[in-house]
Amino acid sequence: MTDRRLMMLGLLATVLVLLTGWLWLRPASGDPFAGCRRSVVAGGAGSLGGSFTLTDETGARVTDAQVFDRPSIFYMGYTYCPDVCPMDAARNAAAVDILAEQGMSVKPVFLSVDPARDTPERLREFTDAMHPEMLGITGSPEEVTTVSQAWRGYFRLNDAEDKENYLVDHTTQSFLVLPGHGTVEFFTRDTSPEQMAEQIACFVDAA
């Protein structure tokens, strides 16, 4: 066998090894985020979310495109929440700061499902206390319900007995929304700021 033929066979073998490795490691089903996902959503993460027009903390009407103009951590709660919401919002803010140290700009977004009490002014006080980049949004009861349902959320105002000091039952997931991709992941309350930041960085890099 000639040296030239041996060289050609060796080159062919190398190409086959590289091709096999690429086929093995490439994202499943062409999903660029397959290597970043930790959660499973029935119908896929892309089935979460939808378009909306709401009111932000300055009183301006804003669309989903304006709200999610960069990678965003989206959370639904209310400012009078005694414990869960402040803890979750603070965790999201901490993840944003970790990502900022890595040169990644991520926006924390807080949707109030309690528009009766959470005026734009009240929302702004809450978000400013949590993080300077946090954006507060809300809307009419009908608008907020539509948005919550689009993300398969749930909330219920327990205001039958007390119209001023009631609590609100609500889901507590935080969602990662990327411009051009929509909702790509969600995080539970058990996710630490460090874990959240690491996973978000994976999605941002893959995008």
Side-chain angles (χ1 to χ4, degrees), residues 14-54 56 62-77 85 87-111 127 130-137 146-154 170-207:
T14 301
V15 171
L16 288 174
V17 169
L18 292 174
L19 179 61
T20 301
W22 178 79
L23 290 172
W24 178 262
L25 296 173
R26 68 174 178 168
S29 304
D31 180 3
F33 305 119
C36 305
R37 298 191 192 283
R38 300 291 182 272
S39 61
V40 178
V41 179
S47 64
L48 298 174
S51 60
F52 59 72
T53 299
L54 295 172
D56 73 9
V62 292
T63 66
D64 55 292
Q66 292 171 308
V67 171
F68 303 130
D69 58 347
R70 54 188 161 112
S72 302
I73 304 174
F74 179 44
Y75 182 84
M76 293 176 273
C85 301
M87 291 175 62
D88 290 347
R91 184 274 310 271
N92 293 353
V96 166
D97 284 338
I98 293 172
L99 289 161
E101 293 175 357
Q102 301 173 16
M104 295 185 181
S105 178
V106 177
K107 178 195 293 186
V109 178
F110 185 92
L111 167 67
T127 58
M130 286 294 166
H131 195 279
E133 294 292 316
M134 186 173 290
L135 175 67
I137 54 175
T146 298
V147 173
S148 175
Q149 290 174 347
W151 269 268
R152 301 185 195 173
Y154 162 83
H170 62 93
T171 49
T172 59
Q173 287 90 352
S174 294
F175 302 90
L176 175 60
V177 184
L178 301 180
H181 298 280
T183 304
V184 295
E185 181 64 297
F186 73 88
F187 308 96
T188 65
R189 301 199 65 242
D190 296 331
T191 308
S192 69
E194 293 77 15
Q195 291 170 329
M196 178 180 282
E198 180 180 5
Q199 198 172 350
I200 290 174
C202 180
F203 278 95
V204 172
D205 286 340

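All values derive from a computational prediction rather than experimental measurement. Reckoned from all heavy atoms, side chains included, excluding hydrogens, waters and symmetry mates. The first residue in the sequence is number 1, and the count goes up from there.
- Nearest heavy atom pair, residue A90 against residue M130, reads N-SD, 3.9 Å.
- For the residue pair S174 and Y75, the shortest heavy atom distance occurs at OG-CD1, 3.3 Å.
- Here the closest heavy-atom approach between residue V147 and residue F52 is recorded as CG2-CB, 3.7 Å.
- Under the salt bridge (Lys or Arg N to Asp or Glu O under 4.0 Å) criterion, R37 pairs with D31, sequence neighbours left out.
- Residues P193 and A95 come closest through the heavy atom pair O-CB, 3.7 Å.
- Between M134 and F110, the shortest heavy-atom distance links the atoms SD-CB, 4.2 Å.
- Contact of the L54 side chain with the L111 side chain is registered, since non-hydrogen atoms from C-beta on lie closer than 4.5 Å.
- Taken to the nearest 0.5 Å, the CZ atom of R38 stands 13.0 Å off from the OG1 atom of T188.
- If you take CD on Q173 and CH2 on W151, they are separated by 13.5 Å, rounding to the nearest 0.5 Å.
- The aromatic rings of F74 and F175 lie tilted to each other, with the angle between the two planes from 30° to 60°.
- Atom OG1 in T146 sits 6.0 Å away from atom CD in Q149 (nearest 0.5 Å).
- Side-chain contact of R152 with S47: a donor-acceptor pair under 3.5 Å is present, judged by distance alone.
- Under the 4.5 Å side-chain criterion, counting only non-hydrogen atoms from C-beta, S72 is not in contact with P108.
- Residues M196 and I73 have side chains in contact (heavy-atom distance under 4.5 Å, counting atoms from C-beta outward).
- Side chains of H131 and N92: no donor on one and acceptor on the other come within 3.5 Å.
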What side-chain donor-acceptor pairs closer than 3.5 Å can you find for residues 197-205, not counting sequence neighbours?
{"from": "Q199", "atom 1": "NE2", "to": "C36", "atom 2": "O", "distance (Å)": "3.0"}
{"from": "Q199", "atom 1": "NE2", "to": "E185", "atom 2": "OE2", "distance (Å)": "2.6"}

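- Remark: the backbone N or O of T191 is paired with a side-chain donor or acceptor of R91 at under 3.5 angstrom.
- With sequence neighbours excluded, the residues satisfying side chain to side chain donor-acceptor pair (under 3.5 Å) with S105 are R70.
- In this structure, A207 and L178 approach most closely via the heavy-atom pair CB-CD1, 4.2 Å.
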